[in-house]
Colleague: 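After the structure tokens below, expect a handful of questions from me.
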Amino acid sequence: MKKIIISSFIFVMAFTGVLYANDIYITQVGDTLDLDITQDGADNKVGTSTTDATLNGDGMTFSITQTGNTNAITAQILGATYTGTWVFTGDGNEVDLLCSSAAVGNCDTVTLNIAATGDNQDYTINIGESASADNATINFTVTDDDNIITTDVNGTSADITVVINGASSLETTDSTLDIDVAGNG
């Protein structure tokens with residue numbers, strides 16, 4: 001089994017006062033990947049709209065922790081079985097995950113746990129295409145306000161749990177949920 005751990009930390013230069021963000025681009029092929037990424041600070045990226053983080057293989061574990069504001073993930077997972085734990089702390093973070101698309105396995109079995117604390121976060125999670133995902137378990141636990149969760153699961157079985165703990169009262173919380181389960185899910 002491959003085990004990869006990537007940690008990146010943003011720091012303040014004592015003499016210049018400059019903050020540095022880091023961008024991580026990954027193209028990976030092979031089974032049984034175990035990838036852990038930790039990023040601290042603002043404006044960090046894992047993939048972009050033009051250069052994704054692409055993970056291709058079966059039996060993958062991909063976990064990520066981002067702490068700070070305006071961090072972003074754009075990732076595509078191609079394979080049969082995927083497990084992930086994603087933790088975000090900070091405001092204005094964005095996630096765009098596609099699990100499938102012309103891949104062998106089509107994300108047949110997916111377990112994804114997302115825990116987020118912060119305002120104005122935007123999550124777009126797409127799993128399976130053309131009723132190809134056999135089993136998906138997705139858990140969101142989001143704390144704070146004005147967050148957007150968009151999930152599209154296309155498969156034969158889907159279990160999606162969303163817990164939102166707004167800092168404001170329900171009358172002033174503007175979090176948005178858009179959950180679409182297609183196929184036999």
Side-chain angles (χ1 to χ4, degrees), residues 33-37 39 46-47 49 52-67 71-185:
L33 172 70
D34 187 348
L35 174 62
D36 298 318
I37 297 175
Q39 292 181 305
V46 175
S49 61
D52 289 343
T54 303
L55 308 175
N56 190 339
D58 294 329
M60 280 189 266
T61 300
F62 170 37
S63 298
I64 187 160
T65 301
Q66 287 183 326
T67 303
N71 293 309
I73 299 171
T74 301
Q76 182 176 15
I77 296 173
L78 308 165
T81 304
Y82 165 67
T83 301
T85 300
W86 296 18
V87 179
F88 305 96
T89 304
D91 297 332
N93 296 312
E94 294 183 20
V95 172
D96 188 0
L97 171 65
L98 171 60
C99 194
S100 191
S101 189
V104 175
N106 297 319
C107 290
D108 294 331
T109 303
V110 173
T111 302
L112 179 59
N113 297 299
I114 296 177
T117 302
D119 294 329
N120 300 307
Q121 301 199 57
D122 188 349
Y123 302 96
T124 302
I125 310 294
N126 295 300
I127 298 183
E129 295 169 309
S130 303
S132 60
D134 290 336
N135 186 23
T137 302
I138 303 167
N139 299 300
F140 287 97
T141 302
V142 179
T143 302
D144 284 334
D145 302 315
D146 303 317
N147 297 296
I148 299 170
I149 298 172
T150 304
T151 302
D152 186 352
V153 178
N154 195 332
T156 57
S157 177
D159 183 9
I160 301 170
T161 302
V162 178
V163 175
I164 297 178
N165 298 310
S168 306
S169 69
L170 289 176
E171 292 81 27
T172 59
T173 298
D174 288 327
S175 291
T176 303
L177 295 175
D178 181 1
I179 298 174
D180 182 14
V181 179
N184 294 327

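We count residues from 1, following the sequence as given.
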Colleague: Distance from Thr65 atom OG1 to Asp36 atom CG, nearest 0.5 Å?
Modeller: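 Interatomic distance, Thr65 OG1 to Asp36 CG, rounded to 0.5 Å: 8.0 Å.
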
Colleague: Distance check, rounded to the nearest 0.5 Å: Ile64 atom CD1 versus Ile73 atom CD1?
Modeller: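 Taking CD1 in Ile64 and CD1 in Ile73, the distance rounds to 3.5 Å.
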
Colleague: Return the set of residues passing side-chain contact (heavy atoms from CB on, under 4.5 Å) with Val162 (not counting sequence neighbours), or none when no residue passes.
Modeller: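 Partners of Val162 by the side-chain contact (heavy atoms from CB on, under 4.5 Å) criterion, ordered by chain and then number, come out as Phe140, Ile149, Ile160, Ile164, Leu177, Ile179.
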
Colleague: side-chain contact (heavy atoms from CB on, under 4.5 Å), that's the test. Do Ile125 and Ile114 meet it? Break it down for me.
Modeller: CA-CA 11 Å; Ile125 310 294; Ile114 296 177; 4.0 Å; yes

Colleague: Can you see which heavy atom on Ala80 is nearest to which on Asp58, and at what distance?
Modeller: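 Residues Ala80 and Asp58, closest heavy atoms: N-OD1, 2.7 Å.
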
Colleague: Can you give me the closest heavy-atom contact between Ala158 and Val181, atom names plus distance?
Modeller: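 Closest heavy-atom pair between Ala158 and Val181: CB-CG1, 3.9 Å.
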
Colleague: Which atoms form the tightest heavy-atom contact between Trp86 and Ser63, and what is the distance?
Modeller: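 Shortest heavy-atom contact: CD1-CA, 4.3 Å.
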
Colleague: Work out which heavy atom in Ala116 is nearest to a heavy atom in Tyr123; give both atom names and the distance.
Modeller: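 It is CB-OH, 2.8 Å.
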
Colleague: What distance do Asp34 atom CG and Met60 atom CE have between them, rounded to the nearest 0.5 Å?
Modeller: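 So the CG of Asp34 and the CE of Met60 are separated by 11.5 Å.
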
Colleague: With heavy-atom distances below 4.5 Å as the criterion, would you say the side chains of Ile127 and Tyr82 are in contact?
Modeller: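 Counting from C-beta outward, Ile127 and Tyr82 never come under 4.5 Å.
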
Colleague: Determine the sole option in Thr161, Thr83, Thr137, Asn139 for which the side-chain hydrogen bond (donor to acceptor under 3.5 Å, both in side chains) test with Asn113 is passed.
Modeller: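 Exactly one option meets the side-chain hydrogen bond (donor to acceptor under 3.5 Å, both in side chains) with Asn113, and it is Asn139.
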
Colleague: Got a second to check how far Asn135's CG is from Asp159's CG, nearest 0.5 Å?
Modeller: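 Interatomic distance, Asn135 CG to Asp159 CG, rounded to 0.5 Å: 8.5 Å.
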
Colleague: Determine whether a donor-acceptor pair (N or O, by modelled atom type, separation under 3.5 Å) exists between the side chain of Gln121 and the backbone of Thr89.
Modeller: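 The answer is no, because no donor-acceptor pair under 3.5 Å joins these two groups.
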
Colleague: Quick check: do Leu97 and Leu112 have side-chain heavy atoms less than 4.5 Å from each other?
Modeller: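 Yes; the side chains approach each other to less than 4.5 Å.
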
Colleague: Given Gln76, which of Leu55, Leu98, Asn56 fulfils the side-chain contact (heavy atoms from CB on, under 4.5 Å) condition?
Modeller: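 Answer to the side-chain contact (heavy atoms from CB on, under 4.5 Å) test with Gln76 among Leu55, Leu98, Asn56: Leu98.
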
Colleague: Once rounded to the nearest 0.5 Å, what's the spacing between atom CD of Gln66 and atom CD1 of Ile37?
Modeller: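 Gln66 atom CD to Ile37 atom CD1 measures 8.5 Å (nearest 0.5 Å).
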
Colleague: Ignoring hydrogens and geometry, is there a side-chain-to-backbone donor-acceptor pair from Asp119 to Asp144 under 3.5 Å?
Modeller: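 Pair absent, no side-chain N/O of Asp119 close to backbone of Asp144.
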
Colleague: Who passes side-chain contact (heavy atoms from CB on, under 4.5 Å) against Thr124, sequence neighbours left out?
Modeller: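 side-chain contact (heavy atoms from CB on, under 4.5 Å) list for Thr124, sorted by chain: Asp96, Asp122, Asn126, Thr150.
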
